[in-house]
Amino acid sequence: MIDLIFPDGSKRAYEPGTTGKQVAASIAPSLAKRAVLIKLDGELLDVDRPLEKGGRFEILDRNAPDALETIRHDVSHILAEAVQELFPGTQVTIGPAIEDGFYYDFAREEPFSLDDLARIEDRMKQIVDRDEPIVREVWDRDEAIRHFREIGEEYKAQIIEGIPAGEQVSVYRQGNWKDLCRGPHLPSTKAAGKAFKLTKLAGAYWRGDHRNPMLQRIYGTAWASEADLEAYIRRLEEAEKRDHRKLGRQMDLFHMQEEGKGMVFWHEKGLTLWRTVEAYVRRRLDAAGYQEVRTPQVLDRVFWEKSGHWEKYRPNMFVCETEEGEELALKPMNCPGHVQIFKFGQKSYRDLPLRMAEFGACHRYEPSGALHGLMRVRAFTQDDAHIFCREDQIEEETARFIELANSIHADFGLERDHIALATRPEVRAGSDEFWDKAEAQMLAAARKAGVEPVIAEGDGAFYAPKLDWVLKDSIGRTWTCGTIQLDYVLPERLGAEYVAEDGSKQRPVMLHRAICGSLERFIGVLIENYAGAFPLWLSPVQVVVATITSDADGFALQAAERLRAAGLRVETDLRNEKINYKVREHSLAKVPVIAVVGRREAEEGKLALRRLGSDGQQILTLDEAANVLATEAQPPDIRRRGSEA
RNA sequence: GCCGCCUUAGCUCAGCCGGUAGAGCGGCGCAUUCGUAAUGCGUAGGUCAGGUGUUCGAGUCACCUAGGCGGCACCA
């Protein structure tokens with residue numbers, strides 16, 4: 001007999017080979033009817049799977065959160081079935097559930113069209129209506145290879161060949177269609193429901209390797225209910241409204257054009273935002289004991305040969321030639337330059353830790369397909385810094401950095417989702433002992449700062465592990481901003497050293513770190529996080545003084561001057577337009593404060609302040625308004641400083 | 001870089017089976033001075049991304065190039 005422990009803690013014994021469905025039936029017929037999956041010791045299984053062992057046992061209906069992934073996986077199979085019915089000769093490959101949905105990769109000569117998606121979707125709904133039972137079968141591996149090869153499924157056969165010989169494989173059958181699959185699945189195509197939608201077509205390399213043929217990937221989304229599907233679609237629409245590329249144009253922040261692929265033309269308002277962010281970060285770095293430097297933009301090839309970039313990174317570098325035949329390259333990163341400053345003169349152990357910062361403008365020739373608005377560009381400015389320190393200072397410096405980064409992210413309204421510890425990649429420099437040590441150091445430092453990192457297996461740089469910040473924005477999307485990487489290699493390679501207490505020459509360790517990553521990207525994230533409606537301190541235009549009639553023009557100009565004198569970024573709107581029109585226009589432009597001036601205000605020397613997103617107003621004298629707004633517009637670090645005083 | 005889609009006025013977009021361009025917003029002009037999310041009238045804007053071809057005729061079809069978008073790969 002096997003013992004099943006139910007969620008309420010009760011325990012019951014069953015014959016081995018009893019199915020989940022039978023267990024459900026033994027409790028209540030209605031439960032058996034609703035049961036679509038079971039969970040045994042945390043593992044999801046088919047409801048009809050005979051149980052071989054006991055354990056913590058749970059019966060799931062299709063609304064259970066844990067069932068959603070299986071619904072998506074089922075729908076991906078239904079997609080594959082529909083495609084093979086409609087397009088005979090198409091080979092199936094893999095089709096997993098992913099966040100918010102699923103995809104399936106197909107091999108077919110002719111590309112699918114957008115029109116095909118609608119046809120496929122219709123057929124999928126028919127398959128759901130057919131209520132085809134989904135049945136698990138266990139096959140011999142070699143027989144499975146033979147079978148799939150026979151029916152022309154070369155990719156499937158290849159997948160099975162990857163399974164060790166002698167093992168059995170599971171094949172799921174629905175109607176006349178079958179697929180190699182680990183499962184689990186719901187009991188029938190009907191259980192998957194119809195709350196799905198095919199969303200996009202894309203190319204994807206077989207097995208994720210660009211040397212392999214390109215397959216056609218169909219993406220879809222699937223949910224337990226129509227309502228969830230609707231909510232998801234609304235969420236997408238909301239995200240689209242926040243697109244920084246769209247808002248960047250609408251708000252006149254920046255633009256890009258084809259002659260400068262991946263390069264940004266910052267307009268006045270965008271640069272104001274930039275300067276605000278930069279000034280803030282600079283103050284934080286100053287306060288945290290960093291020294292700011294600036295290193296050359298273009299350096300001779302010889303320099304990059306020494307640093308190793310010429311050999312390893314050349315294809316990603318912008319290279320130019322001079323009239324005199326020199327070969328120069330734009331810097332793709334700041335570290336080699338910083339090492340030069342470190343090496344200039346002698347450094348003592350007393351100089352360590354030495355925190356060297358630069359708002360470093362870097363150029364990288366990124367593949368054209370990788371470019372994406374401000375998020376991935378070819379010319380960008382890193383809020384870069386390198387901390388030169390002794391090995392025994394790594395933990396302390398990393399922990400301090402974690403606190404600094406956390407505080408800065410929070411000031412920008414970004415919540416931390418998690419910090420990832422990226423561990424040794426497959427291709428790497430250094431021994432296993434080195435990696436054991438380096439990974440342990442990063443982990444210990446994170447814990448010292450009270451953070452338990454999520455392990456990102458194999459994501460480290462080739463020379464060392466790193467911590468990456470994954471931030472969550474106001475609508476729950478995540479962005480990777482901020483990193484700290486341990487580096488033993490570059491100081492060695494470029495010959496950085498310091499004089500230790502005993503007079504010996506020692507190698508410092510370098511910590512590469514950035515909090516924003518690149519200012520371009522970070523500003524992109526900020527635009528999307530705030531949907532363009534920035535808090536007062538970041539807003540490019542903080543106040544618009546708008547007149548109701550031209551009688552108030554004089555006072556409006558005077559008020560604007562007064563607010564400017566208080567340090568605010570102010571525009572005036574004296575146009576001969578109705579106040580409704582002005583309010584609407586500046587509201588759409590996401591100006592945080594509109595100061596309305598009519599005859600009344602002009603006479604009394606007051607301003608009627610209207611905040612974005614509210615239709616109330618606050619009537620203040622000019623001086624009061626200047627004080628209130630100037631205080632409100634203080635960057636968070638300055639405000640804290642003020643409240644401490 | 002790879003696969004697919006897209007590119008029409010400053011912006012957002014319409015243009016059926018090929019018959020030589022249209023709207024709204026914005027701009028400009030005039031009138032209106034009107035108290036919190038669109039005042040009215042008038043008017044100027046286009047080598048239909050660029051190129052080649054098919055055709056009596058191409059914004060519409062084919063091919064090439066560039067850029068953009070969605071993915072994939074890349075992000076040392």
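Quick note on labels: first sequence line is chain A, next is B, and so on, each numbered from 1. All values reported here derive from a predicted model rather than from experimental measurement.
A gap of 13 Å separates the P atoms of C69(B) and U12(B), to the nearest Å. Separation of the P atoms belonging to G70(B) and U33(B) is 49 Å when rounded to the nearest angstrom. Nucleotides G42(B) and U54(B), compared at atom P, are 47 Å apart to the nearest Å. Of the P atoms belonging to G59(B) and U52(B), the separation is 14 Å, rounded to the nearest Å. Taking the P atoms as reference points, G4(B) lies 27 Å from A9(B), given to the whole Å. To the nearest whole angstrom, the two P atoms, one in A38(B) and one in G1(B), are 47 Å apart. Nucleotides G15(B) and G22(B), compared at atom C1', are 7 Å apart to the nearest Å.
Taking 90° from 0 as the syn/anti boundary, the base of G45(B) is oriented syn.
Note on Y313(A): a base of the nucleic acid sits closer than 4.0 angstrom, heavy atoms only. Counting any heavy atom pair closer than 4.0 Å across all strands shown, R364(A) reaches a base atom. Residue F112(A) is out of contact with every strand shown, counting any heavy-atom pair closer than 4.0 Å. In this structure, K200(A) reaches the sugar-phosphate backbone alone: every heavy-atom distance under 4.0 Å involves primed, P, OP1 or OP2 atoms, never a base. Using a 4.0 Å heavy-atom cutoff across all strands shown, A204(A) reaches sugar-phosphate atoms only and no base atom. At a threshold of 4.0 angstrom between heavy atoms, the contacts of E577(A) include nucleobase atoms, whether or not backbone atoms are also involved. Contact annotation for R245(A): backbone-only contact, meaning every heavy-atom pair under 4.0 Å involves sugar-phosphate atoms and none involves a base. Across all strands shown, R610(A) has heavy atoms under 4.0 Å from base atoms, whether or not it also approaches the sugar-phosphate. Heavy atoms of H309(A) sit under 4.0 angstrom from at least one base atom. I594(A) comes within contact range of no nucleotide atom at all, as no heavy-atom separation falls under 4.0 Å. Backbone-only engagement by P111(A) is indicated by non-hydrogen atom pairs under 4.0 Å involving sugar-phosphate atoms exclusively. Counting any heavy atom pair closer than 4.0 Å across all strands shown, A461(A) reaches sugar-phosphate atoms only and no base atom. Residue K261(A) is in sugar-phosphate contact alone, with no base atom involved, counting any heavy-atom pair closer than 4.0 Å across all strands shown. Base engagement by A608(A) is indicated by at least one non-hydrogen atom pair under 4.0 Å involving a base atom.
Per the geometry, CG belonging to L201(A) stands 14 Å off C1' belonging to C6(B), to the nearest Å. As rounded to whole Å, 11 Å separates atom P of G40(B) from atom OH of Y581(A). Note: CD (E601(A)) to C1' (G35(B)) measures 8 Å, nearest angstrom. The CD1-C1' distance, from I218(A) to C72(B), rounds to 15 Å in whole Å. Look at CZ on R584(A): it is 18 Å from C1' on C34(B), rounded to the nearest Å. The separation between N580(A) atom CG and G40(B) atom C1' is 15 Å, rounded to whole Å. Rounded to whole Å, atom C1' of G71(B) lies 15 Å from atom CG of L371(A). The interatomic distance linking E366(A) (CD) with A73(B) (P) rounds to 16 Å, in whole Å.
Side-chain atoms of R376(A) and base atoms of C74(B) include a donor and an acceptor less than 3.5 Å apart. Counting atom types as modelled, Y205(A) pairs a side-chain N or O with a base atom of G1(B) as donor and acceptor under 3.5 Å.
Mapping T549(A) and G262(A) onto RNA chain B by nearest heavy atom places T549(A) at the nucleotide closer to the 5' end.
Checked against C34(B), G71(B), A66(B), the side chain of Y219(A) finds its nearest nucleotide in G71(B).
Counted by atom type alone, Y205(A) and R207(A) present zero donor-acceptor pairs between their side chains at under 3.5 Å. A donor atom on one side chain and an acceptor atom on the other are found under 3.5 Å apart for W479(A) and D473(A). The closest side-chain donor-acceptor pair between Q340(A) and T295(A), if any, does not fall under 3.5 angstrom. With 3.5 Å as the limit, one finds a donor-acceptor pair spanning the side chains of N334(A) and Q382(A).
Checked against L421(A) for a side chain to side chain contact (heavy atoms under 4.5 Å, CB included), the options V454(A), D468(A), L467(A) give a single hit: L467(A).
Ion pairing between R424(A) and D436(A) holds under the 4.0 Å rule for side-chain N and carboxylate O.
In this structure, E69(A) places its CD atom where only 12 or fewer heavy-atom neighbours from other residues, nucleotides or ligands lie under 6.0 Å away.
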